[in-house]
Number of protein chains: 2
Amino acid sequence: MVPKNKATITDVARAAGVSTATAGRVLGGYGHTSEDKKEQVLKAAQSLGYRPNALARSLITGKTRTLGVVAGDIQSPFYASVLRGISNVAEANGFGLLITNSDEAQSKEVRSVELLAQKQVDGLIVTPSDTRKARHLHNLRAMGVPLVLIDRAVAGLMVDRVATDNIAAAEHAVRHLIAAGHRRIGIVAELVDEDGGGLAAFLNRAIAGDPIETETLYPSWQRLLGYVRAHRIEGLSVDPRLTLRAGSYSAQAAQAVVPSLMAAAEAPTALFTTDGTMSEGAMRALNELQISIPGDVSIICFDDLDWMSFHRPGITTISQPRLAMGEAAARMLLERIRGEEYPPRTVLMPAELIERGSVARL
Amino acid sequence: MVPKNKATITDVARAAGVSTATAGRVLGGYGHTSEDKKEQVLKAAQSLGYRPNALARSLITGKTRTLGVVAGDIQSPFYASVLRGISNVAEANGFGLLITNSDEAQSKEVRSVELLAQKQVDGLIVTPSDTRKARHLHNLRAMGVPLVLIDRAVAGLMVDRVATDNIAAAEHAVRHLIAAGHRRIGIVAELVDEDGGGLAAFLNRAIAGDPIETETLYPSWQRLLGYVRAHRIEGLSVDPRLTLRAGSYSAQAAQAVVPSLMAAAEAPTALFTTDGTMSEGAMRALNELQISIPGDVSIICFDDLDWMSFHRPGITTISQPRLAMGEAAARMLLERIRGEEYPPRTVLMPAELIERGSVARL
DNA sequence: CTGATGTGTGAGAACGTTCTCTTAACCGAA
DNA sequence: TTCGGTTAAGAGAACGTTCTCACACATCAG
């Protein structure tokens with residue numbers, strides 16, 4: 001029996017012959033009620049098909065039991081996995097999930113945050129699209145809205161954060177290539193929006209070993225830094241011509257930038273791609289150029305995608321724990337929502353090198 | 001200037017020296033207000049950092065401008081793309097998106113729907129995990145909650161629905177294999193929860209050309225039906241031993257079931273996998289068995305995944321418009337929410353055969 | 001017997017909006 | 001002048017809950 005027009009707590013109270021207060025106590029599970037009244041109310045609720053209105057409840061309690069997420073693009077394997085991780089712990093705690101895409105554009109991110117804030121989410125998980133300016137995020141903090149950052153940091157924004165240890169992971173990958181005898185290693189990276197004077201200046205500082213503020217670096221720059229550090233450690237010089245900047249976050253951009261490098265006089269013997277999208281673009285380019293792996297060129301990719309294990313040859317990758325990152329972020333956010341107080345925490349998750357068949361020994 | 005404690009419309013009204021009614025009219029954009037009052041209110045709102053509380057608004061208007069989605073698993077490429085499509089039109093219309101996973105388990109689906117209903121979403125998009133019984137969905141209809149189904153139908157539930165034309169697409173794929181000279185074609189399908197007497201009985205009815213209620217068939221069964229029909233049309237008999245049922249929706253299950261078939265006395269010369277997950281499992285198995293494509297076996301996959309275009313050889317696939325499906329579903333839902341009345345619509349989207357290099361001519 | 005403590009119940013306020021009424025002013029037409 | 005219509009603005013109800021308060025009635029220690 002499902003009535004067409006929804007029953008409210010007042011209807012239930014009337015049907016059960018009690019006050020709305022008592023009905024609320026039974027149905028909301030707070031306060032004290034006698035067994036018989038409880039039974040009456042429950043029976044009335046059942047027969048009326050009562051469903052609590054979370055809106056009204058939230059309005060008065062000030063809690064929505066809803067988390068807001070601003071992801072770059074739900075569709076990409078990275079965000080899809082992270083979201084699943086977030087969803088797992090949200091669900092386990094009875095929280096809903098309001099999800100938006102920023103497409104890595106700050107204007108969209110700002111609109112998303114505004115939407116989520118108006119809907120009164122209890123907390124937000126954001127992958128900020130700009131690591132420098134982010135007034136909307138500072139505002140959230142000032143308003144006391146719990147906030148957790150994933151994958152990127154924001155300068156001066158002291159909040160919880162979870163990310164991969166990009167520098168160490170990239171360094172590990174490149175040293176693995178060097179250990180296999182490779183001396184000319186190309187890097188295919190997004191490297192959008194250079195901060196502090198462009199790619200050349202960054203490379204010079206990195207090569208010279210100058211101190212660099214790594215926290216607020218974009219992941220692709222961090223991975224480039226790891227690449228440079230690996231060279232330094234192994235006593236190799238870095239050839240800037242081997243640094244391929246896609247300039248935007250798309251497989252097309254990566255694909256477009258690879259051929260020139262491979263056709264160069266001194267082509268690299270190995271490639272390091274700095275994320276799943278770059279990997280896809282690079283693979284597309286190599287496929288079109290009929291370059292064989294690892295015969296003509298070796299490759300290590302950042303982020304282990306499904307196909308890499310059954311591709312021939314298997315692709316050697318840096319596997320980052322995407323699901324666990326989402327879960328960690330959600331758990332940290334829930335702690336903040338519960339009111340637990342810590343100094344802002346940064347969780348750097350280790351990535352794992354998975355050796356398959358895409359790296360040749362020279 | 002961002003005040004710590006949030007300002008309400010009452011605060012704004014007081015600061016502007018008007019009634020809450022007038023402030024509401026300005027800030028909510030309804031009714032009439034004079035220019036000077038409007039200016040005062042806007043200025044007050046600005047300086048107080050006023051942000052409307054969507055909860056309170058929704059409570060009284062009865063509209064939340066939020067869509068609920070119950071997907072199987074956000075993480076899978078299929079759902080990720082569909083969700084992105086939904087998200088695109090939701091966002092364009094100023095709607096939020098509350099997303100949950102069912103993992104294809106009805107118990108979780110029921111809990112998800114309950115959560116979303118309590119949060120008073122204006123409408124729901126669901127990929128029902130059970131096409132037979134779905135009381136919770138019938139209840140929604142009875143309560144007048146707009147509902148759109150994706151990918152699957154539910155027996156007796158007359159609501160809008162968008163899906164791929166699975167039977168035609170599968171038939172097309174298998175006929176393509178037959179045209180290439182293949183006579184023994186294996187099918188790798190999920191085929192969970194047989195309805196009406198199991199796989200053998202279903203095959204017999206399909207082979208005999210008996211009428212079959214196709215609407216409420218699960219996609220993998222529909223694709224199996226297309227497979228059988230292709231054989232009928234081409235005058236070939238169907239060998240039930242070539243029907244591989246994974247029995248659950250996971251790549252592992254698909255992977256586990258392939259080796260026996262390939263080792264059989266009369267192994268198939270071609271394989272048809274009925275979805276992305278089955279494709280992945282089959283590819284894993286073939287890779288482990290060192291079976292080469294298309295030399296040892298040809299393959300056509302259902303659902304075009306990213307890697308299929310740069311895999312060597314390129315994988316010939318049936319490409320279904322996942323993004324467009326999500327967009328269509330969201331658009332239909334928004335129409336219903338706006339109150340437009342039609343008889344329940346079923347949108348069957350055509351899938352496209354993309355020829356690449358995984359099918360050999362015999 | 002008194003006071004303190006705890007349980008059970010209801011009346012009514014509160015949450016932050018929008019909605020419904022009412023009043024008032026103004027305008028032009030009868 | 002009177003009437004109807006439009007525009008502007010405020011008072012207060014309404015949405016469906018939970019919260020606060022008050023009160024009645026136990027029970028129990030001193």
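Naming convention: chains lettered A, B, ... in sequence-line order (proteins, then strands); numbering from 1 in each chain.
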Exercise for review: Look at A:R345 together with A:E335 and state whether they make a salt bridge at an N to O cut-off of under 4.0 Å.
Suggested key: yes
Practice item. Can you tell me the distance, in whole Å, between the CG atom of A:D11 and the P atom of D:dG16? Key: 8 Å
**Study point:** A:L48 CG - D:dG16 P separation (whole Å)
**Key:** 14 Å
Exercise for review: With the side chain counted from C-beta on, respond yes when B:V12 and B:V26 share a heavy-atom pair under 4.5 Å apart, and no when they do not.
Suggested key: no
Review point. Where do B:K119 and A:T66 land on the side-chain hydrogen bond (donor to acceptor under 3.5 Å, both in side chains) test, with the steps shown first?
Key: CA-CA 9 Å; B:K119 292 195 186 299; A:T66 303; 3.1 Å; yes
Study note, to complete from the structure: Taken to the nearest whole Å, CZ/B:R57 to C1'/D:dT17 is 20 Å
Practice item. With side-chain hydrogen bond (donor to acceptor under 3.5 Å, both in side chains) as the test, would you mind laying out the steps for B:S81 and A:Q75 before giving the verdict? Key: CA-CA 5 Å; B:S81 292; A:Q75 218 178 342; 3.1 Å; yes
Review point. Is it true that B:E215 and B:R152 have a side-chain N and a carboxylate O under 4.0 angstrom from each other?
Key: no
Point to revise | Distance test, side-chain N/O of B:Y50 to OP1/OP2 of C:dT17, below 4.0 Å | key: yes
Check your understanding: What string of B, S and - do you get for nucleotides 8-15 of chain C, 5' to 3', if B is base contact, S is sugar-phosphate-only contact and - is no contact with any protein heavy atom under 4.0 Å?
Key -> SBBB--BB
Check your understanding: Atom CG of B:L55 and atom P of D:dT18: how far apart are they, to the nearest Å?
Key -> 13 Å
Review point. Checking side-chain hydrogen bond (donor to acceptor under 3.5 Å, both in side chains) for the pair A:T64/A:Q120: CA distance, chi angles, key distance, verdict?
Key: CA-CA 7 Å; A:T64 51; A:Q120 312 292 123; over 6 Å; no
Review point. Salt-bridged, B:R65 to B:D122, with N to O below 4.0 Å?
Key: no
**Study point:** Pair B:E341 + B:R336, salt bridge at N-O below 4.0 Å
**Key:** no
Check your understanding: Given atom CG of B:L27 and atom C1' of C:dT17, what is their separation to the nearest angstrom?
Key -> 11 Å
Review point. Do NZ/NE/NH1/NH2 and the carboxylate oxygens of A:E91 and A:R84 come within less than 4.0 Å?
Key: no
Practice item. Find the bend of the helix from C:dC1-D:dG30 to C:dA30-D:dT1 as the angle between its two terminal axes (five pairs each), to the nearest 10°. Key: 50°
Exercise for review: Would you please confirm or rule out a distance under 4.0 Å between OP1 or OP2 of C:dC19 and any side-chain N or O of B:Y30?
Suggested key: no
Practice item. Whole angstrom is fine here: how far is it from CZ in B:R65 over to C1' in C:dT17? Key: 16 Å
Practice item. Calculate the interatomic distance between B:K119 atom NZ and D:dG16 atom C1'; express it in whole Å. Key: 15 Å
